[in-house]
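Notes for the one structure printed next.
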Amino acid sequence: MDTERRIAFLQRLALTTAQTLDPQSLVRLVIAETTAAMGVDVCSVYLLEADGRALLLTATNGLSQTGVGRVRLRVGEGITGVAAESRAPVVVADVRADARFRWLPGVDQARFVSMCSVPIVSGDRLVGVLNVQTDSEREFAGPEVELLAAIAAQVAGVLERAALQARLEDQVADLRRSADVHRRFTDLSLRGAGLDAICNEIARHASSTVALFDDEGERLAPAGPDALPATIPTPSASAEGDALRILPVQAGSEILAWLAAIDEGDVPEPVRRRAFEHGVTVLALELSRERATAEAERRLRGDLMEELLVDDLTEAEAARLVDRASRMGYRLRQSMWVAAVEADDPAAAQALSDRSVAPRIIRAVTALADQQHPGAIVVSRGGSIVMLVPGSAHFDQVERFALGAITAAGGLSGGNSFSCGISGTQGGPADLHRLLGQARMAVRVGRRRQHQGEVHAHRRLAAERLLASVSSDELSAFIDEWLGPLERLETQGKAAAPLVATIDALAACGWSPKAAAHRLNVHVNTLLYRVRRVREIAGHDLDDTDVRLALALALRAREMAAPAPQVAAARFREPHQ
């Protein structure tokens with residue numbers, strides 16, 4: 001081909017390819033024009049695959065079409081691979097005599113003997129290889145090789161432009177999808193649509209089944225059965241790649257919840273990932289808003305309860321607070337039981353003040369109240385949990401609820417010990433301060449009698465209720481009058497036997513010497529000797545019923561005045577079913 005015809009051909013090829021962006025159409029055009037212009041029998045195009053390691057036969061007009069899209073040559077393999085690896089033209093007059101030639105069964109034909117391969121290069125990037133072959137031996141001259149290289153350069157430019165156009169179109173489509181996802185999630189956030197709606201939107205965009213779990217692995221949303229469980233093991237970091245992917249929902253460095261998903265539909269991973277990224281951001285906003293709302297509600301309710309519980313109220317003051325509570329959505333009934341859950345040890349007290357543990361305990365107790373006593377109010381106050389239970393509940397039901405509350409608190413705090421006191425009677429808003437005092441007195445007395453991790457009812461207190469109404473000074477004087485001489489003798493180490501413990505055992509056993517001796521694991525004669533010593537030292541005749549009553553009261557008063565014991569571990573009973 002002379003120079004003018006080559007130039008005319010390249011101009012025509014440039015003009016035609018300038019109007020073609022579809023790579024497949026371009027390749028078919030190139031091989032057709034090249035075959036005719038160069039007078040060859042075969043023209044083929046191999047394009048480099050994405051991994052950069054192999055060349056794929058993309059189009060040919062002389063070899064078997066069965067190999068198109070299937071035949072691959074590694075870079076460096078065969079004449080084609082050598083041209084790709086060296087990025088320089090390779091001319092072979094007779095491939096049958098060249099050891100580099102790679103015969104491809106079902107594709108190559110024995111009649112094609114001469115071959116010229118030139119790399120298709122864009123800048124410093126290999127795009128593919130352009131091959132021509134003839135069925136008669138031919139020594140491709142320099143001008144022919146230059147023409148084929150010029151065609152390859154033209155092809156490289158158009159392929160690069162087509163790839164760039166495709167990338168731009170993908171980016172535009174990606175931006176549009178991202179904007180649509182962002183707009184939809186922003187709308188949900190602004191409307192306060194709730195966790196269920198946000199999870200459903202994530203599921204739609206990601207074509208996945210999704211569910212939200214709290215920091216303990218309990219399911220928050222959405223409600224209803226699906227492929228995801230009710231609970232998941234609490235992960236320490238995001239997990240992807242398995243059938244179940246788990247992503248953190250966090251505000252700053254604080255984990256608020258976990259989003260779990262099972263991928264189902266055929267959605268590109270970038271699209272799915274974008275849906276998750278937008279989704280967890282909006283979920284974090286929604287959870288933060290719910291937390292802020294709950295905290296504000298808790299403070300308002302706490303302030304209201306503080307006014308109700310802090311002191312005795314007049315009926316007018318109580319009516320004002322009832323009206324205020326009604327405007328906040330809380331109904332204070334005219335008849336309520338008061339129960340108070342309190343910590344038995346420092347670890348339990350810490351749990352009730354911990355930012356992560358305390359809300360879970362409150363939620364669990366509130367859920368229990370909603371289930372068993374709809375309309376009950378549960379608040380955190382002064383290091384304890386105060387529960388106002390509608391007076392329509394029978395006392396036994398309140399007692400079972402209280403036992404369930406301390407069991408839940410113990411389980412959620414790692415086994416710490418909690419006790420719960422119940423008021424002796426029901427009362428209205430003006431009586432709440434007094435009823436709370438009764439509940440707390442019941443807990444205090446129970447602890448001093450070495451009963452922790454249990455429910456204590458004020459109505460079951462006997463002498464303690466009377467003794468609690470006596471001033472501390474009078475109570476101390478009464479204890480000293482009846483037990484003081486014996487206690488001082490024991491403190492000084494001058495008592496030959498534990499005389500106060502002996503009186504305590506007798507009182508617990510109905511003043512039966514035989515039963516008390518068995519309780520103390522001593523002989524009955526030893527116990528009778530101690531009784532005589534009590535008479536000699538303190539002047540108390542234990543056969544006198546009035547003396548017995550006074551000593552029994554003094555022992556109860558001594559228990560009430562003693563410091564409350566600390567326990568090392570909780571002791572829980574299972575709730576009644």
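Remember, predicted model here, so these are calculated numbers, not experimental data.
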Please round to the nearest 0.5 Å and tell me the distance separating atom [atom1] of [X] and atom [atom2] of [Y].
X	Y	atom1	atom2	result
I479	E474	CD1	CD	12.0 Å
L506	R519	CG	CZ	10.0 Å
L483	I503	CG	CD1	6.0 Å
R273	L247	CZ	CG	8.5 Å
R533	T502	CZ	OG1	11.5 Å

Do [X] and [Y] meet the criterion of a side-chain donor-acceptor pair at a distance under 3.5 Å?
X	Y	result
D344	S419	yes
S335	Q426	yes
R440	S384	yes

task = Applying side-chain contact (heavy atoms from CB on, under 4.5 Å), run through L212 and W258 and close with a yes or a no.
result = CA-CA 6 Å; L212 188 66; W258 299 93; over 6 Å; no
Taking [X] for its side chain and [Y] for its backbone only, find out whether a donor-acceptor pair lies under 3.5 Å.
X	Y	answer
E487	V500	no
T366	I362	yes
Q397	H394	yes
S423	L435	no
H456	V445	no

Is [X] salt-bridged to [Y], cutoff N-O under 4.0 Å?
X	Y	value
E317	R320	no
E342	R444	no
D480	R488	yes
R447	E454	no
E269	R245	yes

task = Take L352 and F418 through the test side-chain contact (heavy atoms from CB on, under 4.5 Å) and record every step on the way to the result.
result = CA-CA 10 Å; L352 286 182; F418 296 87; 3.7 Å; yes
key: L287 side chain reached by R289 side chain, heavy atoms, under 4.5 Å   = no
Those residues that, when tested against F401, pass ring-ring contact (aromatic ring centres under 6.0 Å, His included) (two or more places apart) = H373
inquiry  = Please determine whether side-chain contact (heavy atoms from CB on, under 4.5 Å) holds for the pair L551 and L542, giving the CA-CA distance in whole Å, both sets of side-chain angles, and the decisive distance to 0.1 Å.
reply    = CA-CA 9 Å; L551 286 172; L542 300 189; 3.3 Å; yes
task = Before giving the answer on salt bridge (charged side-chain N to carboxylate O under 4.0 Å, His left out), spell out for R460 and E399 the whole-Å C-alpha distance, their side-chain angles and the decisive distance to 0.1 Å.
result = CA-CA 12 Å; R460 292 204 175 97; E399 196 169 30; 2.4 Å; yes
query = Is atom NE2 of H518 surrounded by more than 12 heavy atoms (other residues, nucleotides or ligands) closer than 6.0 Å?
reply = no
task = Take Q438 and T425, measure what side-chain contact (heavy atoms from CB on, under 4.5 Å) needs, and give me the verdict at the end.
result = CA-CA 9 Å; Q438 292 178 357; T425 60; 4.2 Å; yes
